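Okay, structure first, notes after.
Heads up: numbering here begins at 1 and tracks the sequence. All figures in this text were calculated on a predicted structure; none of them were measured in a lab.
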Amino acid sequence: MKMKKVMIFGALVALLAVIGCNEKKETAEIIDLPRAETPDSVAKAMEGFFQAAADDSMDIHSVMIVKDGSVIYSHWQSEGVDSVPHVLHSVSKTFTATAVGLAIADGKMALTDKVIDYFPDKLPAEVSENLKSMTVRDLLTMSCGHDVEPSFRGAPDQDWVTAFLAHPVIHEPGTFYLYNSLGTYMLSAIVQQVTGEKVVDYLTPRLFEPLHIDKPRWEESPQGINCGGWGLYLKTEDLAKMGQLLLQKGEWNGQQLIPAEWVAEMSKKQVESINPGTRIEQAAERGMTKETSDWMQGYGYQMWRCRPGCFRADGARGQYIIVVPDKNAVIAITSNVEDLQGELNLVWSRILPVL
């Protein structure tokens, strides 16, 4: 009798374990984006995409396509692994801008806030009128007034905020576009100051957890501030989720994670733009035109407009979250390529027509 009780108890334990495994499996399916069958046209187009990329020596690591809320295609190759976070480079900027929008919505800061007001103890001996007038919006739009992008590469323990504020502000803020990654770091520093949390921690309950994105790694400055403009690592599906959230104007499963108005401001053209490392007046001599360059379609709040009328988060070596509202679609890409325009050209010619 005692043996029978032991056997029954063991059977119950085993049954509960099976039920637990099934519940975990169902949870895993819920937290991933829904899957749908890959249309033949998409499968064929992606074969052409990867072949053309290989022919041009483009090292594509992953592509995920979301259409009408479901993943219709995904593929990893080369250094891409579905379960391994990928370096995002400047795609990080879009997440920093999201944190800024949330902090504004929380009443902790404003677009018109003056940058110097946050760092009175780190100002240069002489504060120029242009530096005095620099605002949070100027940082968001890469129009803070620098003529040359400031560098933080000095002594190992150099204070990056001090280095930024000491850099000459030649132009009136808001009037001159210059790609400026340290400016995004300043946004990260401001968010940390007004919230008391690093950007990655501030975003965790407000963005990452609702999207079921494992708390990501985000590199920091020597002062313990997330780099803001770079240094974030996420998986390809995490990028696709962020793109889907932006496509849905900040709404996720009935919850408004990001104010819809902020998504609209992030994704629309705020200022004229040009490739990072290039000045607008150099476009003609370098053969860049609005008809051929996806970096001349306008810059929003740490996001780019695209020639086909969509918008994107964009990182060095070909990291993309491309949101295509008129197709109700999102394309997430990780890679290690030099010809970023060539990579986007392949997206427009091979993928967009079949969505």
Side-chain angles (χ1 to χ4, degrees), residues 89-90 92-101 103-104 109-154 158-194 199 221 223 225-231 262 265-283 295-296 298-305 313-314 316:
H89 299 299
S90 288
S92 309
K93 291 178 169 67
T94 297
F95 289 85
T96 300
T98 299
V100 171
I104 290 174
M109 57 188 295
L111 284 174
T112 54
D113 286 350
K114 298 295 192 292
V115 174
I116 64 169
D117 290 344
Y118 287 108
F119 310 103
D121 58 333
K122 297 187 177 182
L123 298 176
E126 294 186 15
V127 180
S128 68
E129 291 303 312
N130 283 341
L131 178 57
K132 288 179 183 178
S133 66
M134 187 190 301
T135 66
V136 167
R137 185 182 185 277
D138 297 328
L139 297 178
L140 284 165
T141 58
M142 301 287 188
S143 57
C144 63
H146 292 156
D147 192 69
V148 177
E149 185 177 4
S151 173
F152 56 90
R153 295 178 177 84
Q158 180 183 32
D159 188 298
W160 293 4
V161 169
T162 300
F164 178 92
L165 295 172
H167 197 75
V169 185
I170 304 300
H171 306 276
E172 180 184 352
T175 67
F176 184 81
Y177 174 88
L178 183 77
Y179 196 76
N180 196 326
S181 289
L182 204 57
T184 313
Y185 172 77
M186 294 295 289
L187 292 171
S188 177
I190 293 171
V191 169
Q192 183 164 328
Q193 185 170 132
V194 300
V199 167
S221 69
Q223 291 73 47
I225 299 169
N226 289 138
C227 294
W230 66 97
W262 188 253
E265 292 300 306
M266 286 175 65
S267 59
K268 78 178 186 182
K269 177 180 177 180
Q270 299 281 354
V271 294
E272 297 290 345
S273 59
I274 191 67
N275 302 47
T278 305
R279 302 165 70 92
I280 290 179
E281 62 267 26
Q282 295 174 323
W295 282 265
M296 296 184 69
Y299 196 73
Y301 290 164
Q302 309 287 293
M303 297 196 79
W304 302 82
R305 296 295 304 177
D314 181 314

N/O donor to acceptor pairs below 3.5 angstrom from side-chain atoms of residues 122-130, sequence neighbours left out:
from : atom 1 : to   : atom 2 : distance (Å)
K122 : NZ     : D159 : OD2    : 2.9
S128 : OG     : L131 : N      : 3.1
E129 : OE2    : K132 : NZ     : 3.2
N130 : ND2    : V169 : O      : 3.1
N130 : ND2    : I170 : O      : 3.4
N130 : ND2    : H171 : O      : 3.4

Taking salt bridge (charged side-chain N to carboxylate O under 4.0 Å, His left out) as the test, write out the residues that go with D138, two or more places apart. none
Go through the structure and list residues passing ring-ring contact (aromatic ring centres under 6.0 Å, His included) with [X], not counting sequence neighbours.
{"X": "W230", "value": "F152, W160"}
{"X": "F95", "value": "none"}
{"X": "F119", "value": "none"}

Looking at [X] and [Y], would you say the former's side chain and the latter's main chain have a donor-acceptor pair under 3.5 Å?
{"X": "W295", "Y": "W304", "answer": "no"}
{"X": "Q270", "Y": "Y299", "answer": "no"}
{"X": "Q223", "Y": "Q158", "answer": "yes"}

Distance (rounded to the nearest 0.5 Å) between [X] [atom1] and [Y] [atom2]:
{"X": "N226", "Y": "S188", "atom1": "CG", "atom2": "OG", "answer": "5.0 Å"}
{"X": "M134", "Y": "L165", "atom1": "CE", "atom2": "CG", "answer": "7.5 Å"}
{"X": "D314", "Y": "H89", "atom1": "CG", "atom2": "NE2", "answer": "11.0 Å"}
{"X": "L139", "Y": "L111", "atom1": "CG", "atom2": "CG", "answer": "10.5 Å"}

Which residues share a side-chain contact (heavy atoms from CB on, under 4.5 Å) with [X], sequence neighbours left out:
{"X": "A110", "value": "T112, D113"}
{"X": "A99", "value": "V191, V199, Y202, L203"}
{"X": "A283", "value": "I274, M288, M296"}

Output all residues satisfying side chain to side chain donor-acceptor pair (under 3.5 Å) with S273, sequence neighbours left out; order by chain, then residue number. none
With T94, which residues qualify under side chain to side chain donor-acceptor pair (under 3.5 Å), at least two apart? none
Kindly determine whether Y301 and L187 satisfy side-chain contact (heavy atoms from CB on, under 4.5 Å), including the steps that lead there. CA-CA 11 Å; Y301 290 164; L187 292 171; over 6 Å; no
Among S133, S143, C144, the one residue meeting side chain to side chain contact (heavy atoms under 4.5 Å, CB included) with P173: S133
Is it true that the side chains of T96 and Q302 contain a donor and an acceptor less than 3.5 Å apart? no
Can you list, pair by pair, the side-chain donor-acceptor contacts under 3.5 Å of residues 176-183, counting residues two or more places apart and other chains?
from : atom 1 : to   : atom 2 : distance (Å)
Y179 : OH     : S90  : OG     : 3.0
Y179 : OH     : K93  : NZ     : 3.2
N180 : OD1    : L182 : N      : 3.4
N180 : OD1    : G183 : N      : 3.0
N180 : ND2    : H146 : ND1    : 3.0
S181 : OG     : K93  : NZ     : 2.9

Any non-hydrogen side-chain atom of I190 less than 4.5 Å from a side-chain atom of V100? no
Inter- and intrachain pairs under salt bridge (Lys or Arg N to Asp or Glu O under 4.0 Å), touching residues 270-279, at least two apart: D147-R279, K269-E272, E272-K290, R279-E281
Where do F164 and P150 come nearest, in terms of heavy atoms and distance? CD1-CG, 4.0 Å
For residues A313 and M303, report the shortest heavy-atom separation together with the two atoms involved. N-CE, 3.6 Å
